[in-house]
Amino acid sequence: MTIRTIFSAAATATLALAFASPAFAAYDGTHCKKPGVCWEPQPGYPAQLVGSKYDPHFDPAELAKQQEAEDAMVARNKARTAYFIKTGTWIEDVNQIPK
């Protein structure tokens, strides 16, 4: 047997095992509400998330921190870009940009 024959046989066996596995054939596609919407909750998962243990309970203060950080980033980028347009020199550290 040549190396090519051995490799070909091994590849064929691997593909046969992959397609015969239960995970590959587990979904039969018959429970879709409409095309592409086939998600079904696991047993015990609530129909509505609000008030359940799966409800994420986002804290408004934490969400506000994210927005503040993004606003500060936009302001820094505006300052860098304005200085670059004015002088042709890019300065990464906003504190080093002359006022």
Side-chain angles (χ1 to χ4, degrees):
M1 291 179 91
T2 65
I3 299 277
R4 186 177 211 163
T5 307
I6 293 171
F7 180 72
S8 177
T12 304
T14 303
L15 285 174
L17 285 174
F19 286 113
S21 69
F24 183 77
Y27 177 68
D28 62 359
T30 59
H31 301 290
C32 298
K33 293 178 183 174
K34 54 185 175 181
V37 183
C38 299
W39 183 83
E40 291 182 353
Q42 293 290 326
Y45 197 79
Q48 288 202 344
L49 291 178
V50 179
S52 73
K53 69 178 184 177
Y54 299 100
D55 191 1
H57 301 294
F58 292 117
D59 184 11
E62 290 297 318
L63 293 177
K65 285 181 188 177
Q66 179 68 28
Q67 189 60 46
E68 289 170 9
E70 288 179 10
D71 292 344
M73 176 186 66
V74 168
R76 288 191 304 271
N77 287 336
K78 276 187 181 179
R80 290 178 185 123
T81 305
Y83 186 75
F84 178 74
I85 290 171
K86 186 169 114 180
T87 64
T89 305
W90 181 264
I91 297 179
E92 186 67 31
D93 188 1
V94 179
N95 297 327
Q96 294 179 355
I97 295 176
K99 302 275 179 192

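Each residue takes its place number in the sequence, starting with 1.
Hydrophobic cluster of Met73: no remaining members, since no ILVMFWY side chain lies below 4.5 Å from it. Cluster note: Phe58 groups with Leu63 through ILVMFWY side-chain heavy atoms spaced under 4.5 Å, whether in direct contact or through intervening members. Under a 4.5 Å side-chain heavy-atom criterion applied to ILVMFWY residues, the cluster that includes Trp90 comprises Phe84 as well.
For residues 57-69, the set of pairs meeting the salt bridge (Lys or Arg N to Asp or Glu O under 4.0 Å) definition, not counting sequence neighbours, comprises Glu62-Lys65. Screening residues 69-79 for salt bridge (Lys or Arg N to Asp or Glu O under 4.0 Å) gives no qualifying pairs among residues at least two apart or on separate chains.
In this structure, the side-chain hydrogen bond (donor to acceptor under 3.5 Å, both in side chains) partners of Asn77, at least two apart in sequence or on a different chain, are Arg80.
Here the options are Ile91, Thr89, Ile85, the test is side chain to side chain contact (heavy atoms under 4.5 Å, CB included), and the partner is Thr87; only Thr89 passes.
Summarising the geometry, atom OH belonging to Tyr83 is positioned 10.0 Å from atom CD belonging to Gln96; distances are rounded to the nearest 0.5 Å.
When every heavy atom of Val94 is checked against every heavy atom of Ala79, the shortest pair comes out as CG1-CB, 4.3 Å.
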